[in-house]
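Reading through the structure tokens given below for one structure.
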Amino acid sequence: MLVLTRKLNQSIMIGDEIEIKIIDIKQGQVKIGVVAPRNVKVHRSEVYEEIQRENILAAKAPSTNDLSNLNNIFKGNLKKK
Amino acid sequence: MKLRTTRFGEIEVADDKIINFPEGLLGFADKKRYTILSGDEDSLFKWLQCIDDGALAFITIEPDIFMEKYSLDLSDTDVAALSIETPSDVHIITLVTVPADPSKLSSNLQGPIVINHRKKLGKQVISTHPDHKLRYFLMNNDKEEEC
């Protein structure tokens, strides 16, 4: 891991197109601005852990091969957005 | 190939129905091969059955079944990882969580499963779209919950 120290309003470049800027620092929280091309995903790293936990929950799917129950109960009830 | 599963007993899986997930799924990185089991023709839910582990299977649903105008931005990395050449290569499904309280049935829109059905490659990607919740409740009587 590369560790750099920055002050308020200073920034870091990653490659030629990604900029990380320190926008605000207060009460133990740092507000970080990110400039990146549209097709580079930027997200909080907890997201990986959250999805991992949700996958594990999803894997506890019913031990039955019968999805018709689910379909019957939920077909009429599924939200349409 | 023959596969021993806990939910379906022994099943036959054709080679062209095997989908390879080079990175596995988050939390299941070492399981690399899956197949989709459809059940009934008109079933909205399908099983994503792991071939490397007959006890591992996920209930899935396509997001455009319950979300009009569902769309997903794929990063260059995801497109390259899946060898996607055109949008018609892409098939998207989401993992469904069936909790003890059935009214809280949810779909994981934040970590959808993207499949290149031509190349038989799959990957769980992360969506940064604000509407794509980790737990998107599928039942009518629920408010969406922030997760």
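Quick note: numbers below take in every heavy atom, side chains included, and nothing from hydrogens, waters or symmetry partners. All chains are named by letter (A, B, ...) in the order of the sequence lines, taking the proteins before the strands, and each is independently numbered beginning at 1.
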Side chain, backbone, both or neither of [X] within contact of chain A (heavy atoms, under 4.5 Å):
X      : value
B:I126 : both
B:P99  : neither
B:T6   : neither
B:T77  : neither
B:D76  : both
B:Y70  : neither

Checklist entry - Atom CD of A:E50 and atom CG of B:L26: how far apart are they, to the nearest 0.5 Å? => result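 Interatomic distance, A:E50 CD to B:L26 CG, rounded to 0.5 Å: 11.5 Å.
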Checklist entry - Nearest 0.5 Å, what's the CD1-CG distance between A:I51 and B:L95? => result 9.5 Å
[X] with [Y], same ILVMFWY side-chain cluster at under 4.5 Å:
X     : Y      : result
B:I93 : B:V98  : no
B:I61 : B:I36  : no
B:I65 : B:I113 : no
A:I32 : A:L8   : yes
B:F21 : B:L121 : no

Are there over 12 heavy-atom neighbours, none belonging to [X], within less than 6.0 Å of that residue's [atom1]?
X      : atom1 : result
B:K120 : NZ    : yes
A:Q29  : CD    : no
A:D16  : CG    : no

Checklist entry - Which atom pair, heavy atoms only, marks the closest approach of A:N55 to B:F58? => result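 Result for this residue pair: O-CE2, 3.3 Å.
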Next on the checklist: If you count heavy-atom pairs within less than 4.5 Å of chain A, which of B:C50, B:A57, B:S43 leads?
Outcome noted: B:S43
Checklist entry - Below 4.5 Å, heavy atoms only, C-beta onward: do A:V47 and B:T128 meet side chain to side chain? => result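 Contact flag for A:V47/B:T128 side chains = no.
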Next on the checklist: Are B:T97 and A:E54 packed together at the side-chain level, in the sense that at least one heavy-atom pair is separated by less than 4.5 angstrom?
Outcome noted: yes
